[in-house]
Structure formats: C-alpha cells, structure tokens
Participant: 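The following block contains the structure, expressed as structure tokens.
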Amino acid sequence: MTNSYTGDRREIKWRNLGSRKLKNTIANGLSYLVLGMMVVILVSIFIYIMDSGASHITLTMLITPGNTATGGILNAIVGTWELVGMGLLFSLPPSILGALYVVNGRSNGTLSLIARLFTDVLTSVPSIVIGLFAFIVLVQRLDMGYSLIAGGIALAVMMLPYLMRIIEISFKNIPREQIENAYALGADDIRVASRIYLPQAKVGMFSGILLAVSIAAGETAQLLYSAGWNNNYATGFLHSGVGYLTYVVWNGINYPTTYSHYLAFVSAMILMLSVTGLIAISKYVGRRQ
Amino acid sequence: MEEKEKVEKIIEIEGLKVETKNKVILDGVDLNIFKNSVNTIVGPSGSGKSTLLRSLNRLLEMDPSIDVSGDILFEKRNITDIDPVELRREIGLVFQKPNPFPMSVYDNVAFGLRIQGKKLKKEEMDGMINQSLEDADLFEELGGNLKQGGTSLSGGQQQRLCIARALVLRPKVLMFDEPTSALDPIAKGKIVDLIRALKQKYTVILVTHDMNLTRKVSDYTNLIYEGKFVAKGTGSEFFESEIEEVKDFLSEAD
Ligand SMILES: Nc1ncnc2c1ncn2[C@@H]1O[C@H](COP(=O)(O)OP(=O)(O)OP(=O)(O)O)[C@@H](O)[C@H]1O
Ligand SMILES: [Mg+2]
C-alpha cells in the first residue's frame with residue numbers, strides 16, 4: 001500500500017513538472033523586477049537624504065537644543081531616545097508575558113486566539129488614531145499633559161504587537177520536549193520561563209527589541225498628540241513636552257527659512273542612520289544565532 | 001500470582017481514561033506498579049504508552065485539549081491531591097528522545113536541584129552531581145569534564161545524561177520511555193545493566209518495543225493495545241501467555 005502511494009505521487013510530480021517550472025520562472029522574474037525597483041527607490045532616497053544632511057550638518061546643531069527654526073537638535077535627539085526607551089519599558093514586559101501565554105498554550109485556544117486577534121488589530125490601527133486616543137485618554141482625561149509618559153505609552157501601543165510576535169517566534173523555536181522536560185524535572189511556570197524560555201530566546205528577543213525601537217524612532221503621528229514638543233529638554237515624566245527628531249523633520253520643512261530646512265535634513269539623516277544601523281545589528285545578531 | 005501479592009504497590013491506576021474531543025487515547029486503564037521492580041509496558045506504536053507515562057506525572061493535563069479522568073494513586077494518595085511540582089520530583093521521566101538543555105553537562109544535571117531554590121553548598125552539589133553521573137554510568141566516560149556542552153555528547157551519552165538529570169532528584173519512581181530505541185548495541189547493553197542496577201533503589205517503569213530488553217530486565221510485563229491493557233504478568237508468565245494479542249505481538253516483535 002505504502003509503495004503504490006509513493007508511486008502515485010512521483011507520477012503526479014513528473015506530469016506537472018513542465019508547466020510548474022515555467023510558472024516558477026515567470027514568478028521569480030517578476031519578483032526580482034519588483035525587488036529591483038524597490039532597491040532603486042530606496043537607495044535614491046537614502047542617497048538624497050544622506051547628501052542633503054551631510055552637506056549642512058554642523059557641530060553646533062548636534063550639541064545645542066533648539067526650536068526647529070533656530071538653534072540645534074540635541075533636545076530632539078535626546079527626547080527621541082527617552083521616548084523610545086519609555087516605549088520599550090511599557091511594551092517589553094507585557095510582550096514577554098503575552099508571548100509566554102500564547103506559546104505555553106495552557107489555556108484553551110480561545111484566549112490565545114483573542115490575544116492573537118488583539119495584536120493583529122493593533123498592528124493595523126493607523127498611528128494617528130493611536131495618537132488621538134492617547135491625547136483624549138492620557139493627555140486630557142488622565143491629565144498627564146504632553147509628556148514622556150504619554151508619549152511612551154503611545155509608542156508602546158505600537159511596539160507591542162511587533163515585539164510580541166518576534167518574541168513569540170523565538171520562544172516557538174525552542175524544542176517543545178525541552179520545555180516539557182523542564183516541567184518533568186519539577187520546574188514551575190516561573191522557573192521554566194526564567195531558565196528555559198528567556199535565556200534561550202535571548203538573541204531573538206534582542207533583535208526584536210532593536211527592530212521595535214527602530215520602528216518607534218521613526219514615528220511622528222502618535223507623538224504629536226502625546227509628547228507634544230519642547231524647545232528644550234523635558235523636565236519630568238509628566239506635564240513636560242518632549243522634543244523628537246521626526247517633529248524637526250516635519251516642522252523644519254514647513255518653516256520658510258533655509259536653516260530650518262537644514263535642520264530637517266540633518267534630523268532625517270540621523271534618524272535614517274540610526275534606524276538602518278539598528279536593523280543591521282538586529283539582522284546580524286539574528287543570523288549569528 | 002502469589003508472589004505478586006507480597007510486593008508492595010507504589011502506584012495504582014484505576015479506570016484511567018484519556019481522551020481528546022474526537023479520540024479516546026486511553027480507555028479505562030487499570031494497572032498496578034510494583035515497588036523496587038521493573039514494570040514494563042509494551043505495545044504497538046500509538047497504543048498510548050507515552051500518554052500513560054505523561055499522565056502519571058501530570059504532564060498530560062497541561063495540554064488543554066486533553067481530558068483525563070479516573071484515579072491514579074501514588075503511595076495511596078490520589079495524585080490530583082499532590083502538588084504537580086512535588087509529584088514530578090518523586091516520579092521522574094526520561095523522555096523518548098534524549099534532549100539535553102543547551103548548557104554544560106554539569107548545569108544539565110544541576111537543573112533540577114537549582115530550581116528547588118534550596119541553597120546547597122558547592123561540595124554537596126558537586127557530590128550529588130558526580131554520583132548521579134556515576135549511577136547513570138556516564139562519569140568515567142566523560143573523564144570528569146563536566147564543562148562540555150550537553151548537546152555535544154553522542155546520542156547514547158545524551159540519553160544517559162538525561163537519566164542522570166532525573167536521578168539527581170532521587171525520585172521514588174523512574175519512568176523510561178523507549179530508552180534504547182535510538183541506541184547501538186553497546187549503548188543498549190549499558191542501559192540494560194543500568195536498569196538492573198537501578199531497581200535496587202528505585203521503582204522502574206519501562207516503556208519499550210524491544211522484546212530482548214524486556215526479557216532481560218522486566219519483572220512485570222504489561223501489553224497495551226489500543227488504549228487498554230490486554231495482558232499482564234510476571235516476566236515468564238507473559239512470554240508464555242496464551243492470549244491472542246500477546247502471541248501476535250511477540251511474533252511481530254521478534
Ligand atoms: N496531545 C495530543 N493530542 C491529540 N492526540 C494525541 C496527543 N498525544 C497523543 N495523542 C494520540 O494518542 C495516541 C497514543 O499516543 P502515544 O504517544 O501515547 O503512543 P505510544 O504508544 O507512545 O506510541 P509510540 O510507540 O509510537 O511512541 C496516538 O494516536 C496519538 O496520536
Ligand atoms: Mg511513545
């Protein structure tokens with residue numbers, strides 16, 4: 001019986017091979033074409049921004065704060081990383097817990113399904129909507145004002161689904177038997193998490209964090225309504241607006257002076273360098289695993 | 001039969017039923033496990049052997065799609081009244097596939113001790129780890145190098161590392177799920193010796209396809225067939241059984 005089955009399969013394979021090969025060639029050709037176009041577009045954007053940024057950058061811009069029209073952008077550089085760090089602080093713990101919950105599969109499927117649905121929906125909510133929500137709930141209703149906390153939470157909402165997905169994938173790569181064996185040796189949930197899941201998923205989690213950070217660093221829409229802006233450094237976690245690079249890009253371009261345009265280009269360049277750098281590191285680390 | 005009554009039962013399984021939504025895996029299993037003996041479970045692939053082992057240490061109930069009913073008594077206590085963490089330290093399981101953690105040999109064996117949160121002195125810990133590796137007949141072979149990675153050992157060594165990892169907790173019962181299926185004859189011979197030695201101190205439950213191994217080590221042999229035990233007997237009783245399924249199984253296995 002088994003033999004005749006494999007025999008059948010081989011026949012089917014032979015019959016379809018010709019047309020499948022052709023289809024494959026066409027599909028491959030098309031994807032290479034699209035890929036090529038994308039690379040060209042991306043590279044030209046990259047070169048344009050690098051060129052415009054590099055030709056107008058000055059040391060003063062990098063070491064003084066400013067208001068997007070005069071002064072520098074140090075407040076925006078510092079603020080960007082403060083906001084992103086805050087976003088990570090709010091999104092990493094729930095992402096890890098959520099991923100553990102989904103992967104460990106102790107609950108009946110329904111709750112995991114709801115968690116999955118929730119994160120999927122979250123990924124597709126436009127960031128301006130998250131921003132608006134942050135404004136109404138955090139800034140106004142909870143009276144946080146434009147602030148690091150409000151901005152951090154707004155970023156966290158966006159980072160969470162990405163983080164959770166990537167962490168979940170690195171958890172799933174751990175052989176199931178290893179998890180079961182840890183339980184069989186008398187480990188409880190907390191020990192299995194801290195001694196098996198977390199150490200083994202370290203690298204995957206790290207690259208996930210870098211990716212989420214790089215995505216968050218390039219966000220403007222939800223920060224406009226939650227972090228506001230500050231011509232100087234934020235003075236506290238609440239009721240003190242925060243500067244960030246994407247704001248300088250957006251506002252600087254709209255402001256009708258050459259210097260403000262320069263500030264915008266330099267900010268864009270710094271953002272792009274950081275983001276590509278982070279993604280490169282995350283890919284490199286991920287591959288070494 | 002007379003001889004059987006004298007030996008103490010350490011585990012009593014009564015009407016154990018394990019099922020998923022659309023399938024009955026174990027269909028009312030009754031079985032006694034005798035103390036300081038090798039209790040062997042044989043049966044065709046898919047008959048529910050691994051499932052039975054996983055229900056004894058309550059690993060099975062972590063899978064929400066599986067429904068377990070019936071009674072399992074461990075030393076006269078219903079296992080549902082025993083904290084699973086404690087139960088799993090008393091009833092150790094060596095899995096079908098050797099799967100060391102990606103850490104050193106030492107850390108692999110230390111795992112079960114460290115998670116207990118008890119503070120052990122370094123010498124005490126070292127002593128227990130060396131002893132377990134010796135009991136699992138691995139210590140000499142590694143030449144005392146316990147820093148090497150557990151996953152870099154050979155298959156047979158990994159299997160014995162997993163045995164040492166279970167032994168270090170000094171369980172009362174040790175369950176082996178097909179310990180020889182992936183091993184060459186020499187490594188198999190070592191497991192045979194090991195199981196014989198272990199039953200002095202432990203109760204052994206052995207799941208295997210290997211009738212040679214069964215002949216050599218088994219005190220009580222039980223044949224499971226489609227989720228039910230169809231034959232039980234002491235070593236010699238079993239092999240001389242007139243039960244149809246036993247004869248079929250033996251002729252196919254040999
Ligand atoms: N988590 C599960 N969900 C659904 N079905 C399962 C699950 N675990 C086991 N089964 C089914 O239960 C039956 C018995 O499986 P089990 O692994 O206990 O068999 P086994 O006797 O150990 O077989 P083998 O000798 O191949 O290891 C199989 O048909 C298997 O598909
Ligand atoms: Mg099995």
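Chain naming here is simple, since letters A, B, ... match the order of the sequence lines and numbering starts at 1 in each.
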Participant: Could you name each residue pair satisfying ring pair (Phe, Tyr, Trp, His ring centres under 6.0 Å) that touches residues 111-137 of chain A, not counting sequence neighbours?
Facilitator: none

Participant: Can you pull out the residues in residues 162-177 of chain B with any heavy atom less than 4.5 Å from chain A?
Facilitator: B:R165, B:A166, B:L169

Participant: OH/A:Y183 to CE/B:M62 distance, rounded to the nearest 0.5 angstrom?
Facilitator: 5.0 Å

Participant: Could you name the residues of residues 41-55 of chain B that have a heavy atom within less than 4.5 Å of a heavy atom in chain A?
Facilitator: B:R54

Participant: Which distance, rounded to the nearest 0.5 Å, do you find between the CD1 of B:I115 and the CD1 of A:I196?
Facilitator: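 If we round to the nearest 0.5 Å, B:I115:CD1 and A:I196:CD1 are 8.5 Å apart.
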
Participant: Against chain B, work out which of A:I190, A:D188, A:N181 has the most heavy-atom pairs shorter than 4.5 Å and name it.
Facilitator: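 Max contact count across the listed options: A:N181.
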
Participant: So does B:K97 have more than 12 non-hydrogen atoms from other groups sitting under 6.0 Å from NZ?
Facilitator: no

Participant: Testing the basics here: between A:G186 and B:V85, what is the closest heavy-atom pair and its distance to 0.1 Å?
Facilitator: O-CG1, 3.2 Å

Participant: So do B:R114 and A:R195 actually touch side chain to side chain, heavy atoms under 4.5 Å?
Facilitator: yes

Participant: Please list all pairs passing the ring pair (Phe, Tyr, Trp, His ring centres under 6.0 Å) test where one or both residues lie in residues 49-105 of chain B, with sequence neighbours left out.
Facilitator: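 Of all non-adjacent pairs touching residues 49-105 of chain B, those that pass ring pair (Phe, Tyr, Trp, His ring centres under 6.0 Å) are B:F101-B:F111.
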
Participant: Let me know if B:P100 has heavy atoms under 4.5 Å from chain A in its side chain, its backbone, both or neither.
Facilitator: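 It is the backbone, since no side chain atom gets that close.
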
Participant: Considering residues, nucleotides and ligands other than B:E12, do more than 12 of their heavy atoms fall under 6.0 Å from its CD?
Facilitator: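 Correct, the count exceeds 12.
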
Participant: Has A:F206 got more than 12 heavy atoms of other residues, nucleotides or ligands less than 6.0 Å from its CZ?
Facilitator: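 Count not over threshold, so no.
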
Participant: What distance separates A:L185 CG from B:N57 CG, expressed to the nearest 0.5 Å?
Facilitator: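 The distance works out to 10.0 Å.
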
Participant: Are B:P102 and A:Q178 packed together at the side-chain level, in the sense that at least one heavy-atom pair is separated by less than 4.5 angstrom?
Facilitator: yes

Participant: If you round to the nearest 0.5 Å, how far is CG of B:N99 from CZ of A:R176?
Facilitator: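 Rounded to the nearest 0.5 Å, the CZ-CG separation comes to 12.0 Å.
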
